[in-house]
Structures are given as structure tokens and as C-alpha cells.
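Because the structure is a prediction, the values reported are computed rather than measured.
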2 protein chains.
Amino acid sequence: MAASTLTEVARLAGVSPATASRVLNGSARKPGKDIADRVRQAADSLGYVPNAQAQGLAKSSSGLIGLIVHDIADPYFAAIARGVQEAAREQRRMVLLATTGGGPAEEKEAVAAFAARRADSIVIAGSRSCRDEDQDGNAELAAELDRYCRNGGRVAVVGHPVVGATASEGYHVVEVPNQELAGRLATELAAGWDGDFVIVGGPEGLLTSDDRVRGFQDGLERVGRRPAEVLRSAFNRSGGYEAGLQLAARIKAARSGETAAPQLCIFAVNDVMAIGAAAALRSEGLRIPRDAAIAGFDDIETLRDFRPALSTVRLPLEDIGRFATRATGRQPDTGNGEEGESASPGVITGEVTLRRSTEAAA
Amino acid sequence: MAASTLTEVARLAGVSPATASRVLNGSARKPGKDIADRVRQAADSLGYVPNAQAQGLAKSSSGLIGLIVHDIADPYFAAIARGVQEAAREQRRMVLLATTGGGPAEEKEAVAAFAARRADSIVIAGSRSCRDEDQDGNAELAAELDRYCRNGGRVAVVGHPVVGATASEGYHVVEVPNQELAGRLATELAAGWDGDFVIVGGPEGLLTSDDRVRGFQDGLERVGRRPAEVLRSAFNRSGGYEAGLQLAARIKAARSGETAAPQLCIFAVNDVMAIGAAAALRSEGLRIPRDAAIAGFDDIETLRDFRPALSTVRLPLEDIGRFATRATGRQPDTGNGEEGESASPGVITGEVTLRRSTEAAA
DNA sequence: AAGAAGTGGGAACGCGCTTTCCCAGCCAGT
DNA sequence: ACTGGCTGGGAAAGCGCGTTCCCACTTCTT
């Protein structure tokens with residue numbers, strides 16, 4: 001990757017590199033019109049492209065923002081990524097992508113890599129985990145993030161703070177009211193449903209999943225329903241599918257008994273799992289919502305055409321990404337309270353969306 | 001973004017920066033064991049993180065690979081991005097993301113930005129367009145790419161070469177046999193379907209769409225069927241939906257006539273459009289495949305649980321991303337024919353996958 | 001008309017790192 | 001014992017740019 005340099009441009013224009021630099025990027029000092037034109041002309045006759053690395057080195061800031069997701073092909077993360085991308089464009093910065101599969105160790109590496117690249121800020125989108133085996137990883141991740149922040153980096157994490165992180169300067173958390181929304185979903189569901197509830201959750205310790213489970217149980221309790229049983233499996237489509245198979249077996253067993261089969265309403269802690277579970281039920285010959293109702297969480301766009309339409313909680317994924325990114329933007333000036341506030345992200349809120357998949361069978 | 005520097009580490013370890021540099025990254029020269037240990041210890045006692053920008057500047061190569069997509073939230077691109085990401089990790093590089101919405105002008109800007117950042121290579125995943133209004137944009141994009149290649153950059157574009165690009169050095173195209181596969185889909189569909197075909201395509205001039213349309217027509221012709229009518233709309237879900245509404249109206253009109261309603265098989269040039277079309281039909285009270293069959297293209301993972309299961313052409317999206325990325329990797333040595341070949345990407349092939357959505361109604 | 005204030009351009013240093021070149025020791029060879 | 005080839009470490013020159021400082025020159029003061 002060689003290319004023409006500022007010095008070459010300057011030489012061609014017959015000026016000093018300093019002058020060339022001043023005209024080719026917004027500097028405080030504006031060289032004279034005629035000279036500026038000469039430089040600009042020289043620049044594009046040479047096809048000059050400024051070296052962002054050198055600029056970054058000199059200015060010590062890179063215009064990069066790092067995004068950490070579990071898996072970019074997961075529509076949940078893809079939607080967030082879109083928001084991040086948009087906000088980044090607003091700020092005229094580029095996004096650096098890292099996918100980690102969810103392990104704190106890999107997340108730590110990603111943070112280190114971003115730090116090495118001197119990314120101005122980092123957005124962490126994956127769910128936090130507090131499982132025992134992630135203990136060490138979390139600690140290391142927290143340490144890495146702290147160091148990054150101490151060096152002036154800004155980080156935003158969606159959902160939960162990184163377990164053990166202590167940095168306060170430049171450390172933002174975009175709160176997602178998973179628990180509250182799950183609670184609302186539970187109560188609304190309960191209003192139209194007399195049968196039992198089962199929760200299909202992710203692995204214990206996955207904070208996002210745990211919040212949704214807890215919120216749902218709370219909601220149930222608030223309306224005087226007994227707590228739902230919780231099935232744990234992977235936080236993705238196949239996890240949902242497996243849980244779905246188990247439930248299908250159970251439903252069929254119950255149905256063959258003589259007592260009236262109790263209707264079951266399944267709450268999967270995210271849409272993708274819900275779809276997996278639904279697929280499993282269907283593969284076992286069960287129909288939704290006739291044989292079991294099912295609800296998800298997230299309201300993934302691509303899944304909205306799914307039939308039966310999935311009851312879920314709409315989360316403004318794109319906004320979440322956008323807000324997280326904006327939160328890491330340079331504050332205008334701490335002096336001006338009003339302007340400073342406008343930079344602070346709006347509060348995230350979701351919306352329970354009941355659809356066909358949980359309509360009580362007539 | 002300040003942090004401790006190599007010089008500081010060197011000073012703490014009581015060696016010269018040169019030595020510190022040699023031990024902290026793979027250099028040809030390996031300093032003595034004791035010295036190396038001292039340096040390493042100094043490094044992590046200081047929490048040293050090398051400045052990739054400075055490294056890049058000195059080595060003139062950044063370890064960055066730029067990825068250009070239309071929209072990262074589109075599952076098609078997300079899947080490709082996953083492949084790119086994986087390959088990038090293999091090569092210990094990071095991916096820089098740019099989403100352009102499909103316009104050549106924005107793509108050109110993205111290329112320029114990547115060039116500025118001195119990305120080692122660029123992968124362009126979006127479909128090429130040859131519409132008249134994109135003429136100028138394409139030319140500029142081509143020029144920008146040429147310059148990038150001339151400066152030693154490597155680019156891979158999936159599907160079609162950029163219209164007007166002339167660079168040969170370091171310019172790869174990952175061929176996707178859209179036309180052939182669409183043809184095969186047509187013939188296999190025709191084998192089980194006596195009625196008419198309609199194609200729901202993207203805007204004319206979108207090369208990927210055009211290829212699939214053309215291939216489908218060719219396939220039809222090969223088996224002696226008359227060409228399908230082509231409806232054009234946006235290359236996304238809502239485009240499919242709109243086309244679906246039109247078709248629904250047509251189907252219903254035909255049905256109300258006295259002649260037996262001719263069965264219709266709709267081929268949407270990508271899965272997302274197919275889903276949109278299906279949703280439209282359903283919203284008009286039509287059922288699939290009873291009232292109309294429908295097929296897509298891509299076999300998007302998230303859509304596989306869609307009901308009725310969508311007939312489509314499976315494309316190894318992730319591999320496409322992977323191959324494109326690998327194609328831009330530094331060749332080992334042109335001298336060694338065998339090794340050189342192994343770096344060249346495998347050939348992309350797809351697979352016609354017939355499912356429920358096109359089962360002839362009994 | 002002489003000095004102050006202002007304007008516009010250049011020289012030079014530094015950002016953090018790699019890499020070439022050089023030099024001081026060390027070994028083996030005659 | 002003396003020299004030639006190695007080895008391992010340091011000095012220094014960039015990589016491409018931003019920026020501070022400095023200087024020559026113009027324009028407005030009293």
C-alpha cells in the first residue's frame with residue numbers, strides 16, 4: 001500500500017508540506033486562495049489520498065470505533081450493527097468489527113486489538129455472562145477495558161456492565177429493560193391465557209437471558225400465576241429446537257392421558273430460540289397456537305413474516321446500536337449543560353407485541 | 001488515546017527501543033533469552049499495547065481488510081460478513097465495515113476511506129449495477145479501485161466485476177453462478193409444475209437480479225416452456241411485498257372468472273423478496289402453495305424455518321465471504337506453483353432445494 | 001515615517017514503531 | 001597470538017503527517 005504523499009503534493013505545488021497540510025484538511029489557518037487552489041489541483045492530479053494512519057499517529061485519534069458482537073450473522077446483532085454503523089457515519093468515523101462467539105477471553109482480545117488500533121471508542125453488544133467458568137475471563141476483560149478507558153478510550157456496553165468493570169470515566173451502559181418488558185409480556189400473556197407457562201431460557205448466567213426469565217416470573221407472580229418451569233439450552237436457534245423437542249414429547253404424552261391436556265404457553269427468551277422451538281413442535285406434528293402458544297423476545301425484523309406471527313417484545317435494536325455509539329462520541333463541552341445533555345442517549349424502551357402465536361385456541 | 005510506548009518499555013527494561021521492538025513482535029532477529037524476558041516483563045508491567053497505527057506506518061501495511069456491503073442487517077450480507085470475518089481472523093487481520101445502501105457513489109467513498117486507512121484489501125459484496133443513472137458513479141468507483149490496486153491494494157468483488165474496472169493486478173472476482181443455478185431451479189420447478197411462471201425481479205440493471213432472471217428464463221426455454229413475465233420492484237422485502245400484492249390481485253381476478261384459474265409459480269430473485277411476496281399473498285387471503293407456488297434464491301439461514309418451507313437455491317454465503325477474503329490474502333510466492341494454487345479460492349456452487357412452497361397442489 | 005500589530009508561509013520536531021547499518025565482543029581457524 | 005567471520009545489541013534514519021515556532025512581509029496606528 002504505497003501511494004503519493006503529502007510531501008509529493010507539496011513539492012508539485014511548489015509549497016511546503018506544512019502549507020499543503022493546512023489546505024488539504026481543516027486546519028485553523030487558511031492559506032491564500034491561489035495557493036490553496038494550486039495545492040488542491042496538485043493533490044488530485046496525483047490522486048492523493050491522505051494516510052489516515054499517519055494522521056492518526058500525529059493527532060493521536062483514529063476515527064475508528066470498535067464493535068464487538070457474538071456473531072454478525074445473528075439478526076439481533078446485525079440489527080444493532082446497522083445502528084452503530086449509522087451513528088458512526090454521522091460522526092464520520094468507521095467501524096471496526098470483531099465477532100467473538102461470546103467468550104470473555106475473545107472479547108478481551110478484541111478490546112486489546114481495538115486498543116492497539118487506537119479506536120476512539122468501543123461498543124460491546126454481546127450479552128454479559130457471569131457463569132463460573134467465565135469468571136477469569138470476565139476479570140481479564142474488565143481489566144483490559146479499564147486500561148482502555150484510563151487511556152482515554154470510551155466504551156459503551158449494551159444491556160449490562162461488564163462484570164467487574166470499575167472504570168467510570170468514559171464508560172457507558174445502555175440499559176435495556178429486559179426484565180421489565182418480560183414482566184409486561186408475562187402479564188399480558190396471562191390475561192388471555194389460562195394454562196401453564198414454560199420458559200425456554202439460555203444457559204444460566206447469561207445475564208440477558210436471566211433478566212428475561214426473572215422478569216417473566218415476576219410478571220406471572222404479579223398476576224397471581226404460579227411460576228413457570230424453566231428449561232435451559234443454548235441461546236440460539238438450535239437451543240430453542242432442542243427445548244422444543246422436549247416440550248413436544250411432554251405435550252404429546254399429556255395429551256394421550258385421559259385428563260384434558262393442559263394448554264402450554266412457551267416463552268422463549270429470544271425470537272430465534274422461539275422459532276427453533278416452534279420448528280421442533282411442528283416437526284413433531286404439533287400446531288401453534290392450537291397445541292401450544294409461543295412467544296419470543298426482540299421482534300427480529302426478518303422473522304416478522306413468520307407464521308403464525310410470533311408474539312414478542314419489540315426492541316428498538318437499531319436505536320440501541322445508535323445510542324450506544326452516540327454515547328461514546330466526544331462530548332461537545334462539559335460547560336454547556338444543555339448541549340451536553342442532548343448528547344446523552346435516549347432511554348431504551350420496548351413494546352409488548354401480541355400476535356397470532358399466542359392467541360388462545362378457540 | 002494515550003498509552004505506554006515502546007520506548008518506555010525499553011527504558012524500563014534498560015534496553016534500546018530497537019531491542020524491545022525485536023522481542024515484542026516477531027522479528028527475524030531474536031534477542032537473548034534473559035533480555036527478552038526482561039523486556040516482556042517490563043511490557044506487561046506497563047500494560048503495553050503496541051500502537052498498530054505506528055506499526056502500520058512503519059511497515060506500510062495495516063492488517064485491515066475493508067468490507068463493503070449494502071446493508072449489514074440484510075441476512076444475505078450478514079452471512080457473507082460472517083465468512084469474511086472468519087477468514088480475516090485466520091489471517092490475523094481485522095475487518096473494517098462500510099455499508100453503502102448500494103450506490104456506487106457511496107461505494108467509491110468507502111473505497112477511498114479504506115485506501116486512506118491503508119487497508120490491505122477490500123471485499124465488495126454488494127450487487128453491481130449497470131443502470132444508466134449509475135454510469136458516472138460506476139466510472140468513479142472503477143477509477144478509485146484502479147488507483148487502490150495500483151498502489152498495491154487487493155480487491156475481491158463477489159458476483160460481478162465492477163463495471164469499467166480495468167485493474168488486473170490484485171483484482172479478483174468470486175464468480176457466483178447465479179444464472180446457471182437459476183436455470184437449474186427453473187427446470188426442476190418446471191418438472192413438477194404445469195402452470196405459468198412469473199418472475200419477481202429487482203430493478204433492471206442490478207446485475208445479480210438480471211442474471212437470475214435471465215438464467216430462469218433460459219431454464220424455462222430449455223424445457224420448452226414459454227418465458228415468464230417479469231415484475232420489477234425493489235430488491236428487498238418490501239419490493240417483494242408490493243409485487244406480491246399485484247400478483248394477488250391478478251390471481252383473485254382470474255379465479256373469479258369462469259375458466260379454471262391458471263396456477264401460478266412465482267420466482268422471486270432472492271429469499272427476502274420471496275418472503276415479502278408470500279406475506280402479501282397471505283394478507284390477501286391466498287395460500288401457498290395452494291393458490292400459488294413460490295420460490296426464492298439464497299437459502300437464507302434465518303428463513304429456513306419459514307412455513308411453508310421455501311423452495312430456493314442454496315448459496316454457500318459464508319464460503320463466498322471466506323473465499324473472497326482469502327483471495328485477497330498475500331500470495332505465498334509466485335514461484336511455487338502448487339502453493340500458489342492452493343491459495344486460490346474454491347469455485348462457488350449452489351444447490352437447488354425444493355421444498356413445500358412449490359409442491360404442486362394435489 | 002517608524003514602530004506595532006497582523007498575515008501567510010516555511011523549518012523542524014514529534015507521534016510510535018521498524019529496520020538498516022554499525023560496532024563491540026566472541027568464537028574458531030592458521 | 002592474530003585475524004576473519006558471527007552474534008547480539010544500539011544508534012539513527014525514516015514511515016507520512018500535524019503543529020508549533022519562527023521569520024519575512026504587509027497593513028494599520030500616533
> Taking CZ from Arg38(B) and C1' from dG10(D), how many angstroms apart are they, rounded to a whole number?
Replying inline: 14 Å
> When the nearest nucleotide of DNA chain D is assigned to Lys33(B) and to Ala54(B) on a heavy-atom basis, which residue is associated with the more 5' position?
Replying inline: Lys33(B)
> To the nearest angstrom, how far is Leu57(B) atom CG from dG14(C) atom P?
Replying inline: 17 Å
>> Distance check needed: dG10(D) P versus Arg11(B) CZ, whole Å only.
In response: 14 Å
>> What contact category does Ser21(A) fall into here, base, sugar-phosphate, or nothing, at under 4.0 angstrom with non-hydrogen atoms?
In response: base
>> Measure CG/Leu6(B) against P/dT19(C) and give the value in whole Å, please.
In response: 13 Å
> dG16(C) C1' sits how many Å from Lys59(B) NZ, rounded?
Replying inline: 13 Å
> Has the side chain of His160(A) got a donor or acceptor atom that lies under 3.5 Å from a matching backbone atom of Arg128(A)?
Replying inline: no
> Which residues satisfy the side-chain hydrogen bond (donor to acceptor under 3.5 Å, both in side chains) test with Ser121(B), sequence neighbours excluded?
Replying inline: Arg93(B), Thr328(B)
> When you check the gap from the basic side-chain N to the acidic O, do Asp37(A) and Lys33(A) get nearer than 4.0 Å?
Replying inline: yes
>> Quick check on dG18(D): is either OP1 or OP2 less than 4.0 Å from any side-chain nitrogen or oxygen of Asn25(A)?
In response: yes
> Nearest-Å distance, CG (Leu24(B)) to P (dT18(C))?
Replying inline: 9 Å
>> I need the CG-C1' distance between Leu46(B) and dG16(C), as an integer number of Å.
In response: 14 Å
>> Could you check whether any side-chain N or O of Thr325(B) sits under 3.5 Å from a backbone N or O of Gly321(B), counting only pairs where one atom can act as donor and the other as acceptor?
In response: yes
> For Arg89(B), does its backbone N or O pair with a side-chain atom of Arg92(B) as donor and acceptor, under 3.5 Å?
Replying inline: no
> Between the side chains of Thr99(A) and Asp71(A), is a donor N or O closer than 3.5 angstrom to an acceptor N or O?
Replying inline: no
>> How many whole angstroms separate atom CG of Asn51(B) from atom P of dG16(D)?
In response: 16 Å
Report each atom pair, protein N/O against N/O of nucleotides 9-11 of chain C, whose distance is under 3.5 angstrom.
from    : atom 1 : to       : atom 2 : distance (Å)
dG9(C)  : OP2    : Gly32(A) : N      : 3.1
dG9(C)  : N7     : Arg29(A) : NH2    : 2.1
dG9(C)  : O6     : Arg29(A) : NH1    : 2.4
dG9(C)  : O6     : Arg29(A) : NH2    : 2.7
dG10(C) : OP1    : Ser16(A) : N      : 3.4
dG10(C) : OP2    : Ser16(A) : N      : 3.0
dG10(C) : OP2    : Ser16(A) : OG     : 3.1
dG10(C) : OP2    : Thr19(A) : OG1    : 2.4
dG10(C) : N7     : Arg22(A) : NH2    : 2.8
dG10(C) : O6     : Arg22(A) : NH1    : 3.4
dG10(C) : O6     : Arg22(A) : NH2    : 3.2

>> Can you tell whether the side chains of Glu144(A) and Arg147(A) come within less than 4.0 Å, N to carboxylate O?
In response: yes
> Does the side chain of Gln55(A) get closer than 4.0 angstrom to OP1 or OP2 of dC17(D) through an N or O atom?
Replying inline: no
